[in-house]
Enquirer: 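The structure's right below; bear with me while I get my questions together.
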There are 2 protein chains.
Amino acid sequence: MQVLLTFNINAHLYLRDPERSEIGKSIIKQSIELIYDIGFEQFTFKKLAQKIGSTEATIYRYFSSKHKLLTYILNWYWCYLEFIAKMHLQQVDDPREQLQLVLEIITHNDNNRSRIKDYNLEQLHSIVISESSKSYLVKEVDAINREMVFGPLKSFCQFMATIIATIDPEYKYPKSLASTLLETAHDQQYFSEHLPNLTDNKAGQAHKQYVLAYIQQLAFSVLNPNNYGKRARLH
Amino acid sequence: MQVLLTFNINAHLYLRDPERSEIGKSIIKQSIELIYDIGFEQFTFKKLAQKIGSTEATIYRYFSSKHKLLTYILNWYWCYLEFIAKMHLQQVDDPREQLQLVLEIITHNDNNRSRIKDYNLEQLHSIVISESSKSYLVKEVDAINREMVFGPLKSFCQFMATIIATIDPEYKYPKSLASTLLETAHDQQYFSEHLPNLTDNKAGQAHKQYVLAYIQQLAFSVLNPNNYGKRARLH
DNA sequence: TTAACTCGATAGTAATACTATCATTATTTT
DNA sequence: AAAATAATGATAGTATTACTATCGAGTTAA
């Protein structure tokens, strides 16, 4: 197993850095598979230990709870998305095309544009869709937030918001639009797959393409292209 | 305790109908208070039993699990919202004003327009914001969905979608927009309160007003008022 | 008044989410 | 190569959770 990408993930999330040992990397990799397979509620350290051929005790030496492990995985994902997005954006100048590209990335409509061996990205995406809100929809959110463990998500939103603000500097809600597009990408794919009555995806197929088309229409309806460069021109 | 409103809630959700006994109504009422106070994860039937001066066994005679109880409460809320919305909408003809009104209702910006003694609506709204996704973001979603326990949510979305389709019959995503506005109303209020960096609510106050202003702008940017009545005129 | 129903009380179970200890095995330092 | 240090495996144990089961007392309805 070769890890190509490593990100600086908040040390509050782990006791021992999982990137620094084979068993640690195995914990992350198999967690993704296991959470994907059985869902976060059914996921336990005991089952994970069995899967990696180790014991609960060992896993507890890396993560003090399954919630922190989930947040760790999600942080990795947000760091990864921002990295990939910034990489591809270098080739694009028009901020509208940039936003388009980011929407393709967050809906995973970028056909294998990003091949990576580390973790199973399709499973990871699926976890982000169905489990990510569980990392912050908890009573202790303010306390955990103070430890900065939601940094990568905020950073990715800020990154999207900057593009949005470039397209339309008059638009008053760049950050809210960014977080809305992100959340909507997830909700709508989940709805399209499991509660299709909450969407207009009649065909019931091609969830990702449906979601992309929808949020694209949403984003570009809200932003007024006539304002592009407005603020800049004033100077 | 006097219950003014009762709705037909899917019988799959309970073993004994809580509306039909004082202790049953007490279970619902105190559940709302307790889930609001300690969050769904910390919420147990044991604690609830203590609160209502009864025992776990009694509560289990009404609900087979805390998940079903949560879904029951959420169903009540969606039935209630649809009822209130339909009531107020009778006075309004313009579908744009109708949508405006619905947005006020879902963000709870309707100042005491709906006084009700049954349950604490502010707490209920708060539960909807932070716990509602937990009722469907579970591995067994397809199985539970087959029992029609998400009917009231779907019905409310359909109701919104109809208004949206009246405003702009050309718009291709009325249901997705409805579910997006609903989810966004919740996400953005949660973010505004707990992760304000994901929003543009600088003041950090007046969360509900902020959210309303934002989703209003969102909704009416997407819908083209020029298409109002278009389809009708063709006939 | 007897049957049906509801509730309270108690007991019990398997699983979960940990914590603790200790011997063994690697790894690093000298 | 030996000694010191650290990581792991194995095992045990605890409080809590999410139930299930049983029994007797009180209440209501025919």
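Chain identifiers are assigned alphabetically (A, B, ...) following the order of the sequence lines, protein sequences preceding nucleic acid strands; residue numbering begins at 1 within each chain.
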Enquirer: Could you tell me the separation between the CG atom of B:L15 and the P atom of D:dA18, rounded to a whole number of Å?
Expert: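 The distance from CG of B:L15 to P of D:dA18 comes to 16 Å, rounded to the nearest Å.
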Enquirer: Can you list the residues that meet the side-chain contact (heavy atoms from CB on, under 4.5 Å) rule with A:A185, with sequence neighbours excluded?
Expert: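 Scan of A:A185 (side-chain contact (heavy atoms from CB on, under 4.5 Å), adjacent residues dropped) gives A:I106, A:T107, A:V211, A:I215.
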Enquirer: Quick one: side-chain contact (heavy atoms from CB on, under 4.5 Å) partners of B:T44, sequence neighbours excluded?
Expert: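 Checked B:T44 against side-chain contact (heavy atoms from CB on, under 4.5 Å); matches are B:K46, B:K47.
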Enquirer: Can you name the side-chain hydrogen bond (donor to acceptor under 3.5 Å, both in side chains) partners of B:K139, sequence neighbours left out?
Expert: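 None.
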Enquirer: Rounding to a whole Å, what distance do you find between A:E41:CD and C:dA15:P?
Expert: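 Going from A:E41 (CD) to C:dA15 (P), I get 18 Å.
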Enquirer: Without decimals, in angstroms, what is the distance between A:I59 CD1 and D:dA10 P?
Expert: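 Rounding to the nearest Å, CD1 of A:I59 and P of D:dA10 are 13 Å apart.
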Enquirer: A:D142: which residues meet the side-chain contact (heavy atoms from CB on, under 4.5 Å) condition with it, sequence neighbours left out?
Expert: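 Listed in chain order: A:R146, B:H194.
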Enquirer: State which residues pass side-chain hydrogen bond (donor to acceptor under 3.5 Å, both in side chains) with B:N145; sequence neighbours excluded, sorted by chain then number.
Expert: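 In terms of side-chain hydrogen bond (donor to acceptor under 3.5 Å, both in side chains), with neighbours along the sequence ignored, B:N145 is linked to B:K154.
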Enquirer: Would you give a per-nucleotide map of nucleotides 25-30 of chain D, 5' to 3', where B means the base has a protein non-hydrogen atom under 4.0 Å away, S means only the sugar-phosphate does, and - means neither?
Expert: ------
Enquirer: Within 45° of the six-membered ring axis of A:Y14 and under 6.0 Å from that ring's centre, is NZ or CZ of A:K68 located there?
Expert: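 Because its charged atom misses either the 6.0 Å distance or the 45° angle limit, A:K68 does not stack over A:Y14.
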Enquirer: Calculate the interatomic distance between A:E56 atom CD and D:dA12 atom P; express it in whole Å.
Expert: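 Taking CD of A:E56 and P of D:dA12, I get 14 Å after rounding.
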Enquirer: Rounding to an integer number of Å, can you tell me how far B:Y60 OH sits from C:dA11 C1'?
Expert: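 That distance rounds to 15 Å.
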Enquirer: Can a side chain N or O of A:K66 be found less than 4.0 Å away from OP1 or OP2 on C:dA17?
Expert: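 Yes, A:K66 has a side-chain N/O under 4.0 Å of OP1/OP2 on C:dA17.
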Enquirer: Would B:K66 and B:F45 count as a cation-pi pair here, with the cationic atom under 6.0 angstrom from the ring centre and within 45° of the axis?
Expert: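 No cation-pi geometry.
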Enquirer: What integer distance in Å separates B:L48:CG from D:dA18:P?
Expert: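 From B:L48 CG to D:dA18 P: 12 Å.
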Enquirer: Roughly how many Å is it from NE2 in A:H67 to C1' in C:dC18, rounded to a whole number?
Expert: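 The answer, rounded to whole Å, is 14 Å.
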Enquirer: Taking only residues two or more places apart in sequence or in another chain, which ones pass side-chain hydrogen bond (donor to acceptor under 3.5 Å, both in side chains) with A:S179?
Expert: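 With neighbours one apart ignored, the set is B:Q188.
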Enquirer: Can you tell me how far C1' of D:dT17 sits from NZ of B:K47, to the nearest Å?
Expert: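 Rounded to whole Å, this separation is 10 Å.
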Enquirer: Among residues at least two apart in sequence or on other chains, which ones pass side-chain hydrogen bond (donor to acceptor under 3.5 Å, both in side chains) with B:S65?
Expert: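 Expected list: none.
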Enquirer: Between the protein and nucleotides 6-9 of chain C, are there any N/O to N/O pairs under 3.5 Å, and if so, what are the atom names and distances?
Expert:
{"unit_1": "C:dT6", "atom_1": "OP2", "unit_2": "B:R16", "atom_2": "NH1", "d": "3.1"}
{"unit_1": "C:dC7", "atom_1": "OP1", "unit_2": "B:Y62", "atom_2": "OH", "d": "3.0"}
{"unit_1": "C:dC7", "atom_1": "OP2", "unit_2": "B:R16", "atom_2": "NE", "d": "3.2"}
{"unit_1": "C:dC7", "atom_1": "OP2", "unit_2": "B:Y62", "atom_2": "OH", "d": "3.1"}
{"unit_1": "C:dG8", "atom_1": "OP2", "unit_2": "B:S54", "atom_2": "OG", "d": "2.4"}
{"unit_1": "C:dG8", "atom_1": "OP2", "unit_2": "B:T58", "atom_2": "OG1", "d": "2.7"}
{"unit_1": "C:dG8", "atom_1": "N7", "unit_2": "B:R61", "atom_2": "NH1", "d": "3.3"}
{"unit_1": "C:dG8", "atom_1": "O6", "unit_2": "B:R61", "atom_2": "NH2", "d": "2.5"}

